[in-house]
Visitor: 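Submitted below is the structure of interest, expressed as structure tokens.
Numbering of ligands and ligand atoms starts at 1, following listing order. FYI, side chains are in, hydrogens and waters are out, and symmetry mates aren't considered; it's all heavy atoms of this structure. None of these values were measured; they are calculated from a predicted model. The first residue in the sequence is number 1, and the count goes up from there.
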Amino acid sequence: MLNRRRFLQRGLAASFVVSPLFQRVNATAVASKEPVVISTWNHGMPANEVAWKVLQSGGTALDAVEQGVRVPEGDPEVMSVGFGGRPDRDGHVTLDACIMDDKGNAGSVSFLEHIKHPISVARLVMEKTPHVMLSGDGALEFALQNGFKTENLLTEEAKRQWEAWKEQSDYQPEVNIENHDTISMLALDQQGNLSGACTTSGLAYKMHGRVGDSPIIGAGMFCDNEVGAAAATGHGEWVMRTVGSFLVVELMRQGHSPQEACEEAVMRIVKLKPNFDEVQIGYIAISKAGETGAYCLHPGFNYALYRDGQNKLIDADAYVK
Ligand code: ASP
């Protein structure tokens, strides 16, 4: 008969035999202490500058991503995020955002109107409520209770474009590969911890009430401090259908590099939608070791990478050549 100690020893040995995956996770889990910030699109450049300052002064990845993405949220010239974002087809600017820290805590808001910095509301949802996501009027009420002020987010320029769109649109929600540009940002801090943030006004001229991937933990962004973090931009419906950011992180857990993981996540969409002319998807990823990757479906997606004291805008490799 097995005594308890031998039984436990056997159990341990057996778990190593059946779980080579855990060994691979351990192999990739060596944390880098060199800060890195990666974020989507051109507007990632000024956002990275702010995030980098936070990291350089020893701040957390969580503070870095929140402070970083607030830059395009507050910039009316960035017409796909926050203040100045393009409205839905009824003229409402509705915002989606999420944030995740190194302990697996997550917060998000969706379908939020009148608040310029939805990422900071998402952070408060994470820190002050027992929930992960607040939506619509409830999210607005929570923001107001916490000192946020309502503002008109529809700028004259966004209104002008929306009115021009209405004349030709037949009132159909229109999708093309140009009318969206979420900011997603991932950061690794000097303590070797990861966090991520994602914030957007979503697809321009979407149906009223439409929520995209960006506030959905695991779709628009996911962070697992043992493995890595990933985030998305592009047609959220396809990211949601494939739980894209979670997929990228899980592929990294299985031993794939961030680059390979982003490529495979794009391939899953190609397999589901072989006729992908009107779909654009971009992924960014970072591993615990500070290695990064990015990939997109059509050429045209770029990302900002800040490492070794240098901020660079890089064209992502694309599936369509
Ligand atoms: N992913 C966003 C959405 O579907 C759009 C974007 O990346 O700009 O709402």
Side-chain angles (χ1 to χ4, degrees), residues 38-44 47 69 71-73 75 77-89 92-100 108-113 118-119 122 133 135-136 139 153 158 161 173-186 196-222 230-248 262 265-266 268-269 272-273 276 278-285 294-304 316 318:
I38 182 169
S39 60
T40 53
W41 303 109
N42 300 21
H43 48 240
V69 303
V71 175
E73 278 186 342
D75 183 347
E77 290 188 5
V78 178
M79 298 186 71
S80 48
V81 180
F83 174 54
R86 292 188 184 87
D88 66 17
R89 65 182 186 170
H92 299 269
V93 181
T94 71
L95 304 177
D96 296 337
C98 76
I99 193 160
M100 210 167 168
S108 92
V109 288
S110 67
F111 195 49
L112 175 63
E113 291 184 65
I119 198 65
M133 177 184 262
S135 191
L153 303 182
Q161 291 187 17
E174 209 176 69
V175 167
N176 65 51
I177 67 171
E178 309 299 339
N179 67 6
H180 53 82
D181 277 0
T182 293
I183 181 144
S184 295
M185 176 182 279
L186 311 170
C198 181
T199 174
T200 191
S201 49
L203 294 183
Y205 320 132
K206 60 196 175 186
M207 290 176 71
H208 187 59
R210 182 265 188 189
V211 169
D213 60 314
S214 305
I216 311 291
I217 299 297
M221 191 273 295
F222 191 69
T233 180
H235 291 116
E237 283 71 10
W238 290 101
V239 177
M240 285 190 272
R241 286 177 183 123
T242 52
V243 201
S245 295
F246 182 74
L247 173 64
V248 171
C262 291
V266 168
R268 298 281 173 104
I269 293 166
L272 281 178
K273 186 162 171 59
F276 49 72
E278 289 188 349
V279 176
Q280 171 66 313
I281 300 290
Y283 284 111
I284 55 172
Y295 199 63
C296 55
L297 188 46
H298 296 277
F301 166 55
N302 54 17
Y303 64 100

Visitor: Does a donor on one side chain sit under 3.5 Å from an acceptor on the other, for Glu113 and Thr94?
Guide: no
Visitor: If we ignore angles and hydrogens, is there a donor and acceptor under 3.5 Å between the side chains of Thr200 and Thr182?
Guide: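 There is such a pair (donor and acceptor under 3.5 Å, judged by atom type) between the side chains of Thr200 and Thr182.
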Visitor: Please verify the inter-ring angle class for Trp41 with Phe301; under 30° counts as parallel, over 60° as perpendicular, anything in between as tilted.
Guide: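 Ring orientation, 0 to 90° scale: perpendicular.
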Visitor: What pairs with Phe222 under ring-ring contact (aromatic ring centres under 6.0 Å, His included), at least two apart in sequence or on another chain?
Guide: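 Phe222: ring-ring contact (aromatic ring centres under 6.0 Å, His included) contacts with Phe246.
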Visitor: What pair of heavy atoms forms the shortest contact from Ser214 to Cys98, and how long is it?
Guide: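 Heavy atoms of Ser214 and Cys98 come nearest at O-SG, 3.2 Å.
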Visitor: Going by heavy-atom distance to atom 2 (C) of ligand 1, choose the closest among Gly234, Gly212, Gly85.
Guide: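 Selected option, by shortest heavy-atom distance: Gly234.
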Visitor: Which ligand 1 atoms does Thr233 reach within 4.0 Å, using its non-hydrogen atoms?
Guide: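 Listed by number with element, the hits are 6 (C), 7 (O), 8 (O).
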Visitor: Check whether the ring centres of Trp238 and Phe276 lie less than 6.0 Å apart, and answer yes or no.
Guide: no
Visitor: Of the side chain and backbone of Arg210, name the one, both, or neither that has a heavy atom under 4.0 Å from an atom of ligand 1.
Guide: side chain
Visitor: Go through ligand 1 atom by atom and flag the ones less than 4.0 Å from a non-hydrogen atom of Gly202.
Guide: 9 (O)
Visitor: Which atoms of ligand 1 are found less than 4.0 Å from any heavy atom of Leu203?
Guide: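 That gives atoms 9 (O) of ligand 1.
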Visitor: N/O to N/O below 3.5 Å, does that happen between Asp96 and ligand 1?
Guide: no
Visitor: If you define the side chain from C-beta out and look only at heavy atoms, does anything of Leu95 sit under 4.5 Å from Phe83?
Guide: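 Not in contact.
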Visitor: Taking only heavy atoms of Asp181, which atoms of ligand 1 are found under 4.0 Å from at least one of them?
Guide: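 Answer, ordered by atom number: 6 (C), 8 (O).
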Visitor: With heavy-atom distances below 4.0 Å as the criterion, list the atoms of ligand 1 near Ser214.
Guide: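 Atoms satisfying the 4.0 Å criterion: 1 (N), 2 (C).
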Visitor: Would you check the N or O atoms of Ala232, main chain and side chain alike, for any that come under 3.5 Å of an N or O of ligand 1?
Guide: no
